[in-house]
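To start, the structure under review is shown below, and the notes come after it.
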Amino acid sequence: MFVGVHPLAGFDKLLHYRVPESLRAHMQVGSLVRVPVVNRLHLGIVGEIGPPRDFPLERLKNVAQLVHPFPALTGDLLGLARWMAAYYACGIDTIIEAMLPAAVRNGAGLKQEKLLALARPLGIDELETLNRRAPQQAKLYAFLAQQFKPQKKSLVLARLGITAATAAALVKRGVIREEIRRIERVAYADDWSTGELVATQPPALNPEQRAATDALAASLHAARFGVTLLHGVTGSGKTEVYLHAVHEALAAGGGVIFLVPEVALTPQTVARLRGRLEAIAPGHRAVVWHSHLSEGERLDGWLALATGETRVVVGARSAVFAPVQNLRLIVVDEEHEPAYKQDETPRYHGRDVAVMRAKLADALCLLGSATPSLESFANAEAGKYALLQLTQRIDDRRLPDIDIVDMRIEVMSSRGLTTLSRRLVNAMQARFERREQTILFINRRGYSSSMLCTECGHVEECEHCSIAMTYHRADERLRCHLCGAERPAPARCPKCGSPKIRWRGLGTQRVEEAVRRVLPRARIERMDTDTMSRKNRFREVLAQFRAGKIDILVGTQMIGKGLDFPNVTLVGLIDADISMHIPDFRANERTFQLLVQVAGRAGRGDRAGEVVVQTFTPQAESIQFSRHADFAGFAASELKMRRDFRYPPYRHLIHHLFRGPNPEKLQFFAEQWARLVERELGNRVELRGPSPSPIEKIKDEYRYQLWYFTAAVTKVVADLARLRAGFPWPEDIVQVMDVDPVSLM
DNA sequence: AGCACGCCGACT
DNA sequence: GTCGGCGTGCTC
């Protein structure tokens, strides 16, 4: 008997081994084994059963040990690992490592990391010779000499672009020293298992909820892959719908994964969820899974699931890898949350991975949100995902009125005062007189500003990529952050010729001043990163606001969190469209989400609140969204961390990008990379040739360099005016390519 | 990742 | 000639 094993030894290759008689009984795909690699034992996962295709059988070594009698990875998980390795362009070993808790990977083997530190300082002449004879070592020495603490080896090597051999040479000479530190997890009392299990009576469902649960029950009954998007406004009782689906899946003998964003994993939430679960599906105890568990707790939970003793897991994004048997349902609550994105290797998106896992396990994936992400919404629109809507609030609170104010008209009619519209000022005065509160939200998702004409609303775009170009004040030029194109900033609007063209972005101070002018007696407080330097200031201001000691709160994104002030009946959104021109669709998306959150909370129980949205582009025809920017960003940040990107085609491209000014080779690998991206992402890639900038500059700006090769852009059209009609995501989604993980298999 | 191998420039 | 630095390729 032969097996192909993915060793967890730091490289991405399937190695074959002979299985001794004694280990054959329980050996299967997904088994955790210990195998010899070179002269050391490593853990590995059996990836296939059978002999190697191009390796002589007589040279095969034996499997040393079978760690568990049951498979550590279920079949769908192994398939998922393969898919992730291709989709996120990383080694399968890193993914398998992420799938197994540290304690499982080795009984006592705690994770270790290597650190580098200076051992003895070098004398002047020694340094001199080093500089001359071994520039790489000198670079490393210079770096370490500046550090106070030992630094992580892998990071240092990646940053400086040097190999382990360089470090080894210095270690051998005793100039630097290598330390090994065990990374131990902080043990942490699980107050969730002891938290009071309030076995609340399941509340009666309203007709909408009933319809949704019926539809889900039907889908679950079919026992086929499917994705359902549950779009329910804030307070419409999504959780109750989830729980009925969970019950249905459990009753059918299936397993369930319930994902929540990390922030939502508070003891209270989990206790409540558990309580409800107990009430609705008696006898089922859920495993709780998150990053703060101790090794032992993780192991317990993992074993309970892997052996089939428990069939439900509630947890943060990594719970998507839980070894749940006979998986029937994956719930992704608040699916739009950016917390589902992992920003360390292996980089992945928990929601997309959930969809894919459901596909591989023939299970149902239920995505829920009050503000679905654009990609999920688009997939629902396209009919790939089923859509269920909950439009009524359980508490029957009315949705606020939304006014869109066209600031172009304001600018024309009232010259001078253009920060606040008449509409907003009147509304604010009314609140002040009634002793109600106002929030002014300044949409200033900074860093990049675009060129906007205040006369006609025209925004300068890149001719290749069709995204708004970024204005760089220093040299008065416009740049495209996607393809790197640039040109001088125009003095007049290219469309209507007006000189009133300016870069956007109002400061909080300016808004505050404007408010003071119209409401001199009101108590106003400003809240942004500048004024909130002191740590407690933030809470202080919020407390004062809640206590009614502040009439008007002016702030940026910061006020979006924890926004539940009962006396706020007016929310003003200044420069609502500014982020529409940022060449990053996530920024646009976040603005929508925030707006919906803010708006959903304006108003007092009895009376609907009011939301005033100020914009220069009320009929924004086209907002651009780019999947490529997202992926390239992903890849770029990956590359930042590791010099030798392991996925072979990338590895070579990157190597030549970083190492040699060799245009032919560079082009060859760029083409290879482009083809890879085309294949993996299904998008067209336009190759524009090597960057004109000198190679030294590329090192600093390789992000743009990478983007330079991937200028295919996906277009989505959204209409801000749609906000009038409830809380929708843009309905006019024309085309969203490649946002459905399953289509990219 | 860790290790062996081999090329290449530098210098007792 | 030899030695050390450093890139390259392999691990069943």
Side-chain angles (χ1 to χ4, degrees), chain A residues 1-20 23 27 31 33-65 90-97 105-106 109 111-116 125-126 128-141 152-158 160-176 178 180 183 345-346 641-649 651-660 662 665 669:
Chain A
M1 186 192 199
F2 305 101
V3 285
V5 176
H6 295 287
L8 304 182
F11 60 92
D12 184 16
K13 214 181 165 200
L14 192 70
L15 303 183
H16 287 259
Y17 293 87
R18 199 184 295 276
V19 183
L23 301 181
M27 187 66 71
S31 290
V33 290
R34 218 177 278 278
V35 289
V37 178
V38 191
N39 47 17
R40 221 189 256 32
L41 283 183
H42 285 279
L43 283 173
I45 290 286
V46 175
E48 64 176 45
I49 296 203
R53 254 155 290 119
D54 40 14
F55 196 83
L57 290 187
E58 62 275 10
R59 278 179 58 201
L60 292 187
K61 294 182 183 173
N62 275 342
V63 173
Q65 190 200 347
C90 63
I92 201 167
D93 57 317
T94 42
I95 292 163
I96 292 175
E97 273 179 51
R105 290 204 299 267
N106 190 353
K111 213 178 164 185
Q112 295 181 338
E113 65 183 10
K114 293 187 173 168
L115 304 165
L116 293 179
D125 37 342
E126 259 181 313
E128 180 75 7
T129 17
L130 195 66
N131 270 326
R132 198 157 23 88
R133 305 241 316 244
Q136 297 300 93
Q137 291 182 26
K139 201 156 99 184
L140 179 58
Y141 176 82
K152 240 174 120 174
K153 186 179 177 185
S154 54
L155 280 181
V156 172
L157 297 185
L160 300 178
I162 55 181
T163 50
T166 314
L170 280 177
V171 170
K172 205 169 143 201
R173 287 179 44 202
V175 178
I176 64 173
E178 191 173 285
I180 292 176
I183 309 170
T345 324
M641 302 305 286
R642 37 188 350 140
R643 193 181 58 110
D644 63 334
F645 198 52
R646 294 215 196 93
Y647 202 55
R651 185 176 172 170
H652 291 290
L653 169 66
I654 296 325
H655 182 259
H656 291 284
L657 266 181
F658 277 52
R659 279 301 154 128
N662 182 337
K665 271 193 175 175
F669 287 114

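By convention in this document, chain letters (A, B, ...) are assigned in the order of the sequence lines, proteins followed by strands, and residues within each chain are numbered from 1.
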Handout entry: Pair A:L115-A:K153, side-chain contact (heavy atoms from CB on, under 4.5 Å): steps then yes or no
Key = CA-CA 5 Å; A:L115 304 165; A:K153 186 179 177 185; over 6 Å; no
If you look at every strand shown and take non-hydrogen atoms under 4.0 Å, does [X] touch a base, only sugar-phosphate, or nothing?
X	value
A:A134	sugar-phosphate
A:R40	sugar-phosphate
A:P36	sugar-phosphate

Nucleotide nearest [X] when distance is taken to its side chain, options [options]:
X	options	result
A:A169	C:dG5, C:dG7, C:dT11	C:dG5
A:L15	C:dC6, C:dC12, B:dC3	C:dC12
A:L60	C:dC12, B:dG2, C:dC6	C:dC12
A:R132	C:dC6, C:dC12, B:dC11	B:dC11
A:R133	C:dC6, B:dC11, C:dT11	B:dC11
A:Q136	B:dG2, C:dC12, C:dC6	C:dC6
A:T166	C:dG5, B:dC11, C:dC6	C:dC6
A:P135	C:dC12, C:dC6, C:dT11	C:dC6
A:F11	B:dC11, C:dG5, B:dA1	B:dA1

Can you check the [X] [atom1] to [N] [atom2] distance for me, whole Å?
X	N	atom1	atom2	answer
A:N62	C:dC12	CG	C1'	11 Å
A:L14	C:dC10	CG	P	17 Å
A:D12	B:dG2	CG	P	17 Å
A:F55	C:dC12	CZ	P	6 Å
A:N131	C:dG5	CG	C1'	15 Å
A:R53	C:dC12	CZ	C1'	13 Å
A:R173	C:dC3	CZ	P	17 Å
A:L130	C:dG4	CG	C1'	12 Å

Give, for atom [atom1] of [X] and atom [atom2] of [Y], the distance between the pair rounded to the nearest 0.5 Å.
X	Y	atom1	atom2	value
A:N62	A:F2	CG	CZ	10.0 Å
A:D93	A:H6	CG	NE2	9.5 Å
A:R18	A:L23	CZ	CG	13.5 Å

Practice task
Kindly say whether A:A64 contributes a backbone atom to a donor-acceptor pair with the side chain of A:Y17 at under 3.5 angstrom?
Solution key: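 Not a single qualifying donor-acceptor pair exists.
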Practice task
Please answer whether C:dC12 and A:Y17 are stacked, defined here as ring centres separated by less than 5.5 Å and planes angled under 30°.
Solution key: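 Not stacked by the 5.5 Å and 30° rule.
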Practice task
Report yes if at least one side-chain N or O of A:T163 is closer than 4.0 Å to OP1 or OP2 of C:dG7; otherwise report no.
Solution key: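 Answer is yes, contact under 4.0 Å.
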Exercise for the section: Ignoring backbone atoms, establish whether A:Q137 has a side-chain N or O less than 4.0 Å from OP1 or OP2 of C:dG4. Expected result: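 For C:dG4, OP1/OP2 do not have a side-chain N/O of A:Q137 under 4.0 Å.
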Problem - Test side-chain contact (heavy atoms from CB on, under 4.5 Å) applied to A:E48 - qualifying residues, sequence neighbours left out - result: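 If we apply the side-chain contact (heavy atoms from CB on, under 4.5 Å) test to A:E48, skipping adjacent residues, the hits are A:L14, A:H16, A:R53.
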